[in-house]
2 protein chains.
Amino acid sequence: MKQLIEERQGESAARCGHTPVLHAPPVLPVHEGDCEIEGQRVRFAQHALVFLEGDPADRIFQVVDGAVMLYKLLPDGRRQVVELLGPGDIFGLSFKPSFDSSAETLTPTLVTSFERTAVERSPNFLARLNRCVQSQICALHEHAVLLGRKSALERVASFLMRFVPLHICPTHHGREQLFATIRLSMTRQEIADYLGLTIETVSRAFSELRRRGIVSLERQDEVKINHVCGICRLTGTH
Amino acid sequence: MKQLIEERQGESAARCGHTPVLHAPPVLPVHEGDCEIEGQRVRFAQHALVFLEGDPADRIFQVVDGAVMLYKLLPDGRRQVVELLGPGDIFGLSFKPSFDSSAETLTPTLVTSFERTAVERSPNFLARLNRCVQSQICALHEHAVLLGRKSALERVASFLMRFVPLHICPTHHGREQLFATIRLSMTRQEIADYLGLTIETVSRAFSELRRRGIVSLERQDEVKINHVCGICRLTGTH
DNA sequence: CGTCATTTTGAATCGTATCAACTATCGTGG
DNA sequence: CCACGATAGTTGATACGATTCAAAATGACG
């Protein structure tokens, strides 16, 4: 596992964007019902650039394992992380001939990439894509609410709830003292850019949650949620 | 009785920022090659509710003519308009069995609705859907940047630029004094909820633009942009 | 153990929200 | 057509939350 991480930290940053076919061997013919699409597996190190906004969008990607963020930059340097993606999620979609955002891994990540034109010709793939994309749209809607209408503390609470598996809160009414330990694998800056805040504000929100005893920070990017329902109530959603 | 079919505002209601809009024409009884899908035309008055968040999502909709907004509510009443849609745009998508947002018309609107299950079985429709949805995702990304990173004035400027057809600004460098008159067909409250602001702040932004001579307010929802490039520069995007 | 980067904390500032008039616009009926 | 009330929009004063700038603390790593 460790050895894979090293694989291509340097060059991917340099040759921004769409990764050409390297020596990388594992090409898997994805057998999709009646039609086959060539899927190409590529491994990326942590914090590696997959593509840049503006690069020609002739391939689309699916996360197999790991995490990816999509972000956009304003000319003066302001950044907004627009999506966080995990296993199964598809990215690199665009209705223009170039990507509308940049993609960077958060952890060592394995993705499969497909030729765009091939995808668009495959009905089975389109059906799959369709389902994926609909859940992404829902997530984007939810995120718009967060960015447009929630306070800093609500944003951070909502952010943490993303990582709580299966949303334990509403189902286990009996036990209030539920906890969960989660690994963020994002820097404060990345979190801030995702939540539309500054690092300082994110930090203060974490401190506030800790002060209230709702979370403990085990390590910098590892949070123990002592009281899932407590966080849940702070999201503004319930 | 409401007489329908009025003017359409600004063409590309739901398009992403800098997009040459070549619209898919509002085709109707969708004759897509080998498969036909029953499309059902429905007319809605202005400010009519198409569906509510949580309603069973067994149909999807396409705007033929008019304008629709999608919004989400927080339990305490805060509202965020998550999408603005115009002719050609599709809505009512969801990965859950129920709608993730509510849909309301902004103007008298003609829509076609399709049975969800039928759509998902039609490869041709899926292909079309796919294109639509990708442009919506781009718009949502753009909107996340607006909500997360732009100032009030930048938001309002960006909002106005949506209505400027074909994005005159960058192409016509020669003529600086370009103008355009646009019909918003949204109340201040709706604009505020779209931009993640309050009505007062939106109002102040409009006043500021007027003070600078960049726009004139002909009527409450009719804005004359005296200097398109001026607005464009204020969006933060260029 | 010391250096560097990241995070946290503090104090001051700024921008937007809030609250409270005031004004303009729209629709209705006299 | 005008008066009228109702609704929507504007403007001003103040409050509050997030940002900014600065510095200290913590963690990562050789």
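Lettering follows sequence order; numbering is per chain, from 1.
Note: CZ (B:Arg211) to C1' (D:dG12) measures 12 Å, nearest angstrom. The CD-C1' distance, from A:Gln189 to C:dT8, rounds to 14 Å in whole Å. For B:Gln46 and D:dA8, the CD to P distance is 12 Å, given to the nearest whole Å. For the pair A:Arg149 CZ and C:dT18 P, the computed distance is 9 Å after rounding to whole Å. Across the protein-nucleic acid pair, B:Asp221 atom CG and D:dT7 atom P stand 19 Å apart, rounded to whole Å. Nucleotide C:dA24 holds its C1' atom 16 Å from the CD atom of B:Glu222, rounded to whole Å. Between A:Leu217 atom CG and C:dT6 atom C1' there is a gap of 14 Å when expressed in whole angstrom units. Taking atom NZ of residue B:Lys150 and atom P of nucleotide D:dT19, one finds them 17 Å apart after rounding to whole Å.
A donor-acceptor pair shorter than 3.5 Å cannot be found between the side chains of A:His141 and B:Gln80. Side-chain contact annotation: B:Arg204 with B:Ser207, donor-acceptor N/O pair under 3.5 Å absent.
Separating the CE atom in B:Met161 from the CD1 atom in B:Ile182 is a distance of 9.5 Å, to the nearest 0.5 Å. Atom OG of A:Ser135 and atom CG of B:Leu93 lie 11.5 Å apart (nearest 0.5 Å). Distance check, rounded to the nearest 0.5 Å: CD of A:Glu142 to SG of A:Cys138 gives 9.0 Å.
Comparing atom distances between the A:Ala152 side chain and each of C:dT7, D:dA18, D:dG9 picks out D:dA18 as nearest. For A:Gln220, whose side chain is taken as the heavy atoms from C-beta onward, the closest listed nucleotide among C:dT6, D:dT10, C:dT25 is C:dT6.
For the pair B:Arg59 and B:Phe51, the cation-pi test (distance below 6.0 Å, angle within 45°) is failed.
One N or O on the side chain of A:Asp76 and one on the backbone of A:Arg78 form a donor-acceptor pair closer than 3.5 Å.
Within 4.0 Å of B:Leu153, counting heavy atoms only, lies no atom of the nucleic acid at all.
Within residues 194-210 of chain A, the residues having any heavy atom closer than 4.0 Å to DNA chain D are, in order of number, A:Gly196, A:Leu197, A:Thr198, A:Glu200, A:Thr201, A:Arg204.
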